[in-house]
Q: 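Would you mind keeping the following structure in view while I ask a few things?
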Amino acid sequence: MAFYVTTPIYYVNARPHLGHAYTTIVADVVSRFHAMRSEEVFFLTGTDEHGDKVVRAAQKEGMTPRAYVDRISRLFRDLWPDLNVRPSRFIRTTDESHMAVVSRVLQRIHDAGDIYFSEYEGLYCFGCERFYTERELVDGKCPDHQTEPETIRESNYFFRMSRYQQWLIDHIAAHPDFIRPERYRNEVLAFLREPLGDLCISRPKSRLTWGITLPFDEQYVTYVWFDALLNYVSALGYPDGERFRTFWPAAQHIVAKDILKPHGIYWPCMLKAAGIPVYRHLNVHGYWNVDQGKMSKSIGNVVEPLQMKDAYGLDAFRFFLIREMTFGLDSNFSEAALVQRLNSDLANDLGNLFSRVVSMTHKYFGGVVPEVDPEMGRQYGLGLGPEALRTIAEYERAMNGFELHKALAAAWEFIGRMNKAVDVSAPWELAKKKATLKQLEAVMNSLLKGLRLISGLIYPVMPETAARMQKHLGLDPAAPFYLLDDLKLWKPVPAGTRLPKSVMLFPRIETDAPVPETAADAAPPPAVDIKPEIDIDDFRKVDLRVATVLRAEPVPKAKKLLKLEIDMGERRTIVAGIAEHYTPESLAGRQVIVVANLKPAKLMGVVSQGMLLAAGEAAGPVLVLPDKTVTPGTPLK
Ligand code: MSP
């Protein structure tokens, strides 16, 4: 069996960030999962390098487009090995072999009569050198230049996409999981309820030269999607390559919801018109937001994958991304949530289980896996065998259906079951008496078997940790220990195996947020001195807002002051006298309440545009925080 998976090819006008890393890690995870099934896997990623945006970005840097795309493309290519992501090929739309395929497919569709020449009228921004749709404009103006676009007429080539509308509707009806999860299939069907227009696929060379020349008209280049989407077949050596024959029938794409329409509509229609069979599945995921909002360079909240790796470890980062996001829905990224998962799922549930079982093997059996009498094994094997098979079945079902979070949840249920089994069987009690030695052997053997299975199940998401577990179970980390057919055999760690000393798989991250005093610990409340009554209008004068702390830093030479950058719908700077009680790290990403209409005041040379709300405890201020995360700028009432 073959398996072919692709990520979008990323634009080279931005550095790789969390969003790109997520999709590509997902592709790596599913590739490794299919390797667990002994399938032949081809995993494609790459960069999308043509178009006027690239030309403008290059000009800004004073570089030629060629030098510029080489530089940014390399950033992407070099990132993947650092994230333990192993694509089979990294494609670039500037590769000669890709450009030749685009040319060939364009010619073929043109010959078939599905590409025609026609006049086009649209709203054009000369600053951006591109057309805008009405919906993209803000108050009728270009969002970048704040100028009104001009209506211009231009002749261009069009792909007769409308011809394939009914065919696509029928195809989706006949293959209900063609686009998944279901919500995105429904979204595509909703688009298809409206008449599908034709697709403009060219730009005159007078305006854009950085692209692939149309084979039937020297004066034009292809524009965006016709070039980019075809990478999925050109990478396999379409039309004649052996790879194309092997892998294309098993093609699955992964994209986020932002490019659903090109992948769910344009691409199948293009394939149909070119006489190429359509892909198997389009797997669509949601967006990672940061602080409940869009990740953006201007807000300054772009998450750098390598920074996360350095701070928390690569496997913890990969685990968090896959476990936290329900594939298909949006998720919020925060370091606090990452630390929470690291401490609970990884350090506590998995890490503790592992070190407990390995340490006990050392303590009771000198680190050598004991021989078990099969009858004792049946009697005292903790019933983990049937549970293991159920877990593998659910894991396989979920992974196969791109419900990656559920596959991990199934593995963690099994880990939970094992932790309970340790507590219930209490090996430390069994070790006290000779009479229960056989029982102890059976219990420990079963627990080691369980760990062996877990190391296989976590392999796609945490390959390094899986190999470490193997090593510390005395097994060969370089062997393909993760094959599903082998895992299903529920094999023991062979008797006589010598285990290296136990290790801590995941160190806990200690958060230094102040621990609030509990009511019981606190001193008796001070006598309450309530201020004179006010009426509701007086209260309404105070504009209280929820804000997200983007960054915090000490104010030089001021022991008590922290300078906070906050997002309150707008960005502001606030100086707060909390430095002795809150560290800058503990505040970043948290939401606070701000008095938004307080007259600005200068504190130690920094202008503070508001004030934080805190309880004035004698021991020091305690910040007032919203119960749940809300949109920054939300007023209090
Ligand atoms: N070049 C086109 C794709 C052509 S594919 C034939 C493109 N490039 S892109 O650089 O903008 O990448 C978009 C993709 O990056 C998304 O579909 C998704 O895979 C990933 N993400 C970018 N930001 C993201 C988030 N904030 N969250 C999750 N994934 C996101 O579109």
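All ligand and atom numbering here is 1-based and tracks the order in the structure.
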Q: Can you confirm whether the side chains of Glu49 and Thr93 place a donor and an acceptor under 3.5 Å from each other?
A: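 No donor-acceptor contact under 3.5 Å links the two side chains.
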Q: Extract all donor-acceptor atom pairs below 3.5 Å that involve side chains of residues 236-244 and protein atoms in other chains or at least two apart in sequence.
A:
residue	atom	partner	partner atom	Å
Tyr238	OH	Arg108	NH1	3.1
Glu242	OE1	Arg245	NH2	3.3

Q: Do NZ/NE/NH1/NH2 and the carboxylate oxygens of Lys257 and Glu187 come within less than 4.0 Å?
A: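 No, no charged N to carboxylate O under 4.0 Å.
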Q: Does NZ or CZ of Arg203 lie under 6.0 Å from the centre of the six-membered ring of Tyr223, at an angle within 45° of the ring axis?
A: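 Ring-cation test returns yes.
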Q: So Thr47 and Ile72, do their side chains get closer than 4.5 Å, heavy atoms only?
A: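 No, too far: nothing below the 4.5 Å cut-off.
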Q: Residue by residue, ordered by chain and number, which ones reach under 4.0 Å of ligand 1 with a heavy atom?
A: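 Heavy-atom contacts below 4.0 Å: Pro8, Ile9, Tyr10, Tyr11, His17, Gly19, His20, Thr23, Asp48, Trp225, Ala228, Leu229, Asn231, Tyr232, Ala256, Asp258, Ile259, His263, His285, Gly286, Tyr287, Trp288, Met295.
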Q: Which heavy atom in Ala273 sits nearest to a heavy atom in Asp114, and how many Å separate them?
A: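 Minimum heavy-atom separation between Ala273 and Asp114: CB-OD2, 3.7 Å.
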